[in-house]
Amino acid sequence: MGFSKLRPVGSRVPLPTADSGVLALPWAKHYDSVFVNSGTAALSLAVKLSVNGRHTLQSPEVILPAYGCPDLVAAVLAQGARPVLVDLAEGRPWMNLDAVENAVTNNTVCIIAVGFLGIPERLRALRRVADKAGIALIEDSAQVFPPFSSGNGLADFLILSFGRGKPINLMGGGALLIRKDHGQKSAGVLRVLPELEITAGASWRFKRWLFNLLLTRPLYGVMERIPFLGIGQTVFHPLVSVNRQAPVEGLLEAGINGFNNRKDNRYAYSDALQKLTGKGWVQLAPECFGEALEGLVPASPNLLRYPLLAPCRKIRDQSLVALNRNGIGASAFYGQALPAIGGISELVAAAASAFPCACDFAERLITLPAHEDVCIEDIQCIAGILSE
Ligand SMILES: *Cc1c(COP(=O)(O)O)cnc(C)c1O
């Protein structure tokens, strides 16, 4: 077997379109956009605005899931707030709603509802909890495009990321979308942010070319073997800078167009993997979309990766090895509950064992590539390997 490898995630960086401004942003009716240097920076600003909404507090607390991206913790800590982790619902990428209610205290300023690989959190139910407590609701939609709240204004703040491995890859950047009723209160916080400018000059274009080249099967396979690049590893980085940073002109529009024209391979996967469900595997996407969106249909059900739960950790780990050996970039994703990721346990003052459903989810999850270069032969190959 050679080095050739179908990358686990990631879409090509587009070229800016000339006719920018034609496309209305899908959230424009309810939210104003603030473009910043990363998704983490956007989330941290949303936390700051939530803290400001309850300005009498000494030690603000923020509720977030115990399985997720370490950047969630970094964004909260950067504002001097305390991350309060909540376990997942069993076998689901969502927080347990009773546990969310129980985690609310007089110090809570907001709940972070984190979308998972294209599957939104249960925004309506979380909105009810937040309203009862008089706190803000942040939809972290770094992995879901467009955000679930785009057309209905459910969350107070929305987060987008334009980093690699996100639905719209612009080689970095992010956006904080502020619901219009919060506009005035937010102005002071935004006015003092430093501003960075990015242009699509020769070095930007070279970087884009190289980036897209590294996404191809021969080069991804080689790159993955270079240890210092740390491809696919989950590590904690503190948040160091929050700047305003507008995307290159016409680039976001090109990214949205590219996303909207991307083919949807959910049905090809769910059909090909049908037989596994009888053997203790769970196809998360069809189950989650069917179960908990309370009649609200997400604007785009395109997935970032195709997620499955294996019957147990052993089968998950064996499947990962077999798929990768055959050139398929299958992944365990974060691999562990948040407190089990290096350095985080002390920061959140909690042990992973306090979150059994998050641990179980982390041990059984396997994600399959779902990007634009996945073809039907890949999906058949994957189904063949997994059914052995
Ligand atoms: C990637 C990600 C972030 C951080 O976005 P960056 O642009 O990488 O800083 C935040 N939340 C979630 C859920 C993410 O997947």
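Order of appearance sets the numbers: ligands from 1, and atoms from 1 within every ligand. Side chains included, hydrogens not; waters and symmetry mates left out as well; all remaining heavy atoms used. Bear in mind that the values here come from a model prediction, so they are computed numbers and not experimental data.
The residue from K180, R179, H182 that alone fulfils the side chain to side chain donor-acceptor pair (under 3.5 Å) condition with D32 is K180.
Residue S38 has at least one heavy-atom neighbour below 4.0 Å for each of these atoms of ligand 1: 7 (O), 9 (O). The V114 neighbourhood of ligand 1 comprises atoms 13 (C), with distances under 4.0 Å to a heavy atom of that residue.
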>> Please determine whether salt bridge (charged side-chain N to carboxylate O under 4.0 Å, His left out) holds for the pair R7 and E224, giving the CA-CA distance in whole Å, both sets of side-chain angles, and the decisive distance to 0.1 Å.
In response: CA-CA 9 Å; R7 65 186 184 279; E224 193 190 44; over 6 Å; no
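Looking only at atom types and distance, the side chain of E372 has a donor-acceptor partner in the side chain of S11 under 3.5 Å away. For the residue pair S149 / E139, a side-chain donor-acceptor distance below 3.5 Å is found, with atom types taken as modelled. Between the side chains of S241 and N37, at least one donor N or O lies within less than 3.5 Å of an accepting N or O.
A tilted orientation is assigned to the rings of Y334 and Y67, their planes being inclined by 30° to 60°.
In this structure, the protein non-hydrogen atom closest to atom 2 (C) of ligand 1 is K166 NZ, 2.5 Å. Among protein heavy atoms, atom 9 (O) of ligand 1 sits closest to T40 OG1, 2.5 Å. The shortest contact between atom 6 (P) of ligand 1 and any protein heavy atom is with G39 N, 3.5 Å. For atom 11 (N) of ligand 1, the closest heavy atom belonging to the protein is D140 OD2, 2.6 Å.
A salt bridge is absent between R262 and D373: the closest approach of a Lys/Arg side-chain nitrogen to an acidic carboxylate oxygen does not fall below 4.0 angstrom.
Heavy atoms of D71 come nearer than 4.0 angstrom to ligand 1 in at least one pair.
Of the heavy atoms in A142, only side-chain atoms (C-beta onward) come closer than 4.0 Å to ligand 1.
By heavy-atom distance, the residue among S141, S161, A175 lying nearest atom 7 (O) of ligand 1 is S161.
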